[in-house]
There are 2 protein chains.
Amino acid sequence: MTERTPSRRTTATAPPAFPKPGHNHARCAAEALGKAEAVCAARGTRLTEIRRQVLETVWQSHVPVGAYEILAQLNAGGGDRPPSQNSRALTARGGPPSQNSRALTARGGRHAPMAVYRALEFLMDNGLIHRLASLNAYIGCAHLGEDPHAAQFLICRRCGTTAELKSAALNRALDQAVTERGFTIDSQLVEIGGICPNCRPNHRRPKS
Amino acid sequence: MTERTPSRRTTATAPPAFPKPGHNHARCAAEALGKAEAVCAARGTRLTEIRRQVLETVWQSHVPVGAYEILAQLNAGGGDRPPSQNSRALTARGGPPSQNSRALTARGGRHAPMAVYRALEFLMDNGLIHRLASLNAYIGCAHLGEDPHAAQFLICRRCGTTAELKSAALNRALDQAVTERGFTIDSQLVEIGGICPNCRPNHRRPKS
DNA sequence: TTGTAAATGTTATAACATAACATTATACCA
DNA sequence: TGGTATAATGTTATGTTATAACATTTACAA
Ligand SMILES: [Zn+2]
Ligand SMILES: [Zn+2]
Ligand SMILES: [Zn+2]
Ligand SMILES: [Zn+2]
């Protein structure tokens with residue numbers, strides 16, 4: 001790999017900045033929902049009410065969200081949820097002891113876990129969300145409308161914010177290292193944990 | 001077992017071959033156990049009986065194994081190893097292993113899940129095994145004795161055989177792609193699914 | 001010996017996910 | 001429009017993976 005010289009030319013892809021704390025996230029979500037509609041229309045699949053609700057919940061932030069947390073939000077009244085704190089990626093699952101999930105399945109909420117998992121499956125099948133195996137959680141796809149793609153993720157262990165990376169160089173390196181061993185890739189899972197630029201203000205930036 | 005003579009001597013970097021079906025795996029396991037002893041001795045940690053049993057179970061093949069499968073094998077007398085030097089009466093409740101895991105915790109097996117998870121935690125902390133997040137399963141570390149390292153895994157979806165890769169080039173590419181975004185890596189998770197050379201005999205080899 | 005830290009035992013439950021079948025909604029055609 | 005096939009959702013139950021909390025035993029050495 002050559003040295004990265006910060007050339008002024010805007011040749012390559014635009015700088016995919018890590019999601020910043022103050023950004024207009026309502027716009028992220030609105031755009032994502034809009035594109036999701038388009039994707040489903042193009043594919044002839046139906047973005048039903050519950051699927052849309054789950055997708056909205058996933059897009060409430062750039063922090064991955066677990067299936068049962070989605071369920072809780074749906075059952076707590078769906079749309080006008082309070083800006084609840086991230087419960088993942090922090091050391092503890094702070095907060096009051098969650099309700100008994102078995103009780104929820106019986107009666108008490110409007111939806112059972114199956115409803116959420118089915119919606120998540122649909123959204124993944126249609127390339128609208130990704131699952132993060134290291135967290136057992138889900139996040140909206142940052143490259144909607146593109147073909148199903150292998151993605152990499154950067155997960156901040158402090159704030160939980162997760163960015164989707166689509167590095168061609170990384171994919172090349174991966175492909176080469178693997179092919180050398182006679183292996184044929186079907187799927188890849190790349191999840192990088194660490195500290196994001198927002199959580200380490202005095203980080204060394206590639207000065208531009 | 002078609003004896004494929006290793007015709008040419010490898011010239012360049014020794015290709016860390018994917019584990020072959022007919023290889024002398026008893027040797028893999030024996031070596032791993034031996035090195036594990038050394039590692040623990042060097043670190044001043046104790047490779048106790050149950051930890052050794054779990055490590056042996058993990059090393060029974062190159063296919064990752066789940067915690068509850070390890071538990072079942074332990075409780076089935078899996079490693080029929082004489083309990084040497086352990087005066088602790090093994091609370092000998094004989095009896096057939098139940099299917100129900102909850103029953104196991106109560107009574108019926110010799111160990112509860114906690115015992116296995118604790119052993120797994122110890123083995124991971126000491127760099128003796130890795131956890132595969134995409135499978136919720138565990139595999140012996142292929143680079144024992146080296147410092148705690150970031151590893152990548154190639155997982156055959158047909159035979160389950162999993163190889164540990166330690167590609168410097170891949171790590172470089174990863175590091176660059178991540179650093180460009182101002183991210184600092186703590187941990188990495190790279191799990192590649194696909195077909196291994198043993199399961200695709202007519203693959204194109206880098207014939208030299 | 002005896003105190004202490006490490007290890008293990010024990011019980012309970014949390015957290016994540018799927019199987020199986022019933023019911024309702026939707027689309028599409030006659 | 002009505003019928004019917006399919007998709008979607010509801011419902012109940014259970015499977016699978018992992019951890020919390022506290023009791024007891026063991027190893028080790030002062
Ligand atoms: Zn945003
Ligand atoms: Zn952060
Ligand atoms: Zn082997
Ligand atoms: Zn294979």
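Every heavy atom of this structure was used, including side-chain atoms; hydrogens, water molecules and symmetry mates were not. Chain letters run A, B, ... following the sequence lines, proteins first, then strands; residues in each count from 1.
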What are the atom names and distances for every N/O pair under 3.5 Å that joins the protein to nucleotides 21-27 of chain C?
none

### Summary
Rounded to whole Å, CD of A:Glu121 lies from C1' of C:dA17 at a distance of 11 Å

### salt bridge (Lys or Arg N to Asp or Glu O under 4.0 Å) partners of B:Glu121, counting only residues at least two apart
none

### Query
With sequence neighbours left out, what residues match B:Lys35 under side-chain hydrogen bond (donor to acceptor under 3.5 Å, both in side chains)?
none

### Task
Could you work out which one of D:dG10, C:dA17, D:dA18 sits closest to the side chain of A:Tyr117?
C:dA17

### Between D:dG15 (C1') and B:Glu69 (CD): distance, integer Å
15 Å

### Message
If we count only N and O atoms by modelled type, under 3.5 Å, do the side chains of B:Gln53 and B:Gln73 hold a donor and an acceptor together?
### Response
no

### Task
With sequence neighbours excluded, tell me which residues meet salt bridge (Lys or Arg N to Asp or Glu O under 4.0 Å) with B:Arg131.
none

### Message
From CG of A:Leu71 over to P of C:dT18, roughly how many Å is that when rounded to an integer?
### Response
15 Å

### Task
Applying ring pair (Phe, Tyr, Trp, His ring centres under 6.0 Å), name anything that partners B:Phe153, two or more places apart in sequence or on another chain.
B:His130

### Message
Between B:Tyr68 and D:dT16, is there a contact of a side-chain N or O with OP1 or OP2 at under 4.0 Å?
### Response
no

### Query
Distance check: side-chain N/O of A:Asn136 vs OP1/OP2 of C:dA17, anything under 4.0 Å?
yes

## Note on the structure
Checking D:dT19, C:dT18, C:dA17 against the side chain of B:Met114 (C-beta onward), the nearest is D:dT19

### Query
Could you give the CG-to-P distance, from A:Leu47 to D:dA7, as a whole number of Å?
17 Å

### side-chain hydrogen bond (donor to acceptor under 3.5 Å, both in side chains) involving B:Asp186 - partner list, sequence neighbours excluded
A:Arg157

### B:Arg51 side-chain N/O to C:dT8 phosphate OP1/OP2 under 4.0 Å
yes

### Which nucleotide in C:dA19, D:dT9, C:dT8 has an atom nearest any side-chain atom of A:Ile50
D:dT9

### Query
A:Tyr138 side chain: which of C:dT18, C:dT11, C:dA17 is closest?
C:dA17

### Task
Check the distance between D:dA8's C1' and A:Asp125's CG and give it to me in whole angstrom.
14 Å

### Task
Look at A:Thr48 and D:dT9 and indicate whether a side-chain polar atom (N or O) is within less than 4.0 Å of OP1 or OP2.
yes

#### Entry: Minimum-distance nucleotide (side-chain atoms of B:Ala112 versus C:dA17, C:dT11, D:dT9)
C:dT11

### Query
Can you list the steps and then say if B:Glu56 with B:Gln60 is a side-chain hydrogen bond (donor to acceptor under 3.5 Å, both in side chains)?
CA-CA 6 Å; B:Glu56 278 183 352; B:Gln60 78 194 253; over 6 Å; no

### Task
Please state whether the phosphate of C:dT8, meaning OP1 or OP2, lies under 4.0 angstrom from any side-chain nitrogen or oxygen of B:His111.
no

